[in-house]
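Below: the structure, in structure tokens.
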Amino acid sequence: MNDLFDRIQAAAAYVRARAPEPVEFGLVLGTGLGDLADRIEDPVAIPFGEIPHFVESTAISHQGNLVLGTLESRRVAVMQGRVHFYEGYSMQ
């Protein structure tokens, strides 16, 4: 699986298999915003490191989870923390 498209498909399939319902919105939470994920109802938290071909956040204040669930009656996928280029990852 050297192709970027194949890696993205594998990661998406892994997440979809754990998502109780399709997602309407995606949110990326950075420094100071991670607690918003605690308000998600019926959360399914997936550590970034468990998602195939996904990278882990090394920032101390970022929890590094993808949280699926309901927020304000909308289905969401929330990145509780994010990764940064300065952590050594490529922009790809």
Side-chain angles (χ1 to χ4, degrees):
M1 265 197 211
N2 294 326
D3 181 62
L4 178 61
F5 180 79
D6 290 338
R7 289 181 287 167
I8 292 169
Q9 292 300 314
Y14 184 89
V15 171
R16 277 191 207 105
R18 283 146 189 80
E21 295 179 38
V23 169
E24 298 175 83
F25 295 98
L27 301 169
V28 179
L29 306 179
T31 303
L33 299 174
D35 290 344
L36 179 62
D38 295 334
R39 295 178 43 201
I40 293 175
E41 298 170 24
D42 302 318
V44 174
I46 307 170
F48 290 166
E50 289 183 10
I51 302 171
H53 313 290
F54 213 77
V55 295
E56 294 184 61
S57 176
T58 62
I60 294 170
S61 62
H62 294 194
Q63 291 185 328
N65 294 312
L66 179 65
V67 183
L68 308 166
T70 304
L71 182 63
E72 299 294 328
S73 66
R74 304 306 289 240
R75 298 293 305 159
V76 295
V78 175
M79 288 181 69
Q80 192 177 29
R82 61 180 190 270
V83 295
H84 305 85
F85 182 62
Y86 65 75
E87 292 177 90
Y89 299 119
S90 75
M91 293 300 282
Q92 187 180 34

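- Legend: residues meeting side-chain contact (heavy atoms from CB on, under 4.5 Å) with V76, ordered by chain and number and at least two apart, are F25, I40, L71, V78.
- Under the side-chain contact (heavy atoms from CB on, under 4.5 Å) criterion, E50 pairs with Y14, I46, P47, not counting sequence neighbours.
- Residues L29 and A37 approach most closely at CD1-N, 3.9 Å, considering heavy atoms.
- Taking CD of Q9 as the start and CZ of R16 as the end, the distance is 6.5 Å to the nearest 0.5 Å.
- Side-chain contact between H53 and L4: absent, with no pair of heavy atoms (C-beta onward) separated by less than 4.5 Å.
- Between the side chain of D3 and the main chain of F5, a donor-acceptor pair closer than 3.5 Å is present.
- Between A11 and P52, the shortest heavy-atom distance links the atoms CB-O, 3.3 Å.
- Closest approach of V23 to A77, counting heavy atoms only: CG1-N, 3.5 Å.
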Would R75 and T70 count as a side chain to side chain contact (heavy atoms under 4.5 Å, CB included) if you check the C-alpha gap in whole Å, the side-chain angles of each, and the deciding distance to 0.1 Å? CA-CA 5 Å; R75 298 293 305 159; T70 304; 2.8 Å; yes
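- Nearest heavy atom pair, residue F48 against residue M79, reads CZ-CE, 3.8 Å.
- A search for salt bridge (Lys or Arg N to Asp or Glu O under 4.0 Å) contacts involving E41 returns nothing, not counting sequence neighbours.
- Other residues, nucleotides and ligands contribute more than 12 heavy atoms inside 6.0 Å of the CZ atom of R18.
- Going from atom CG of L66 over to atom CD1 of I51 covers 5.0 Å, rounded to the nearest 0.5 Å.
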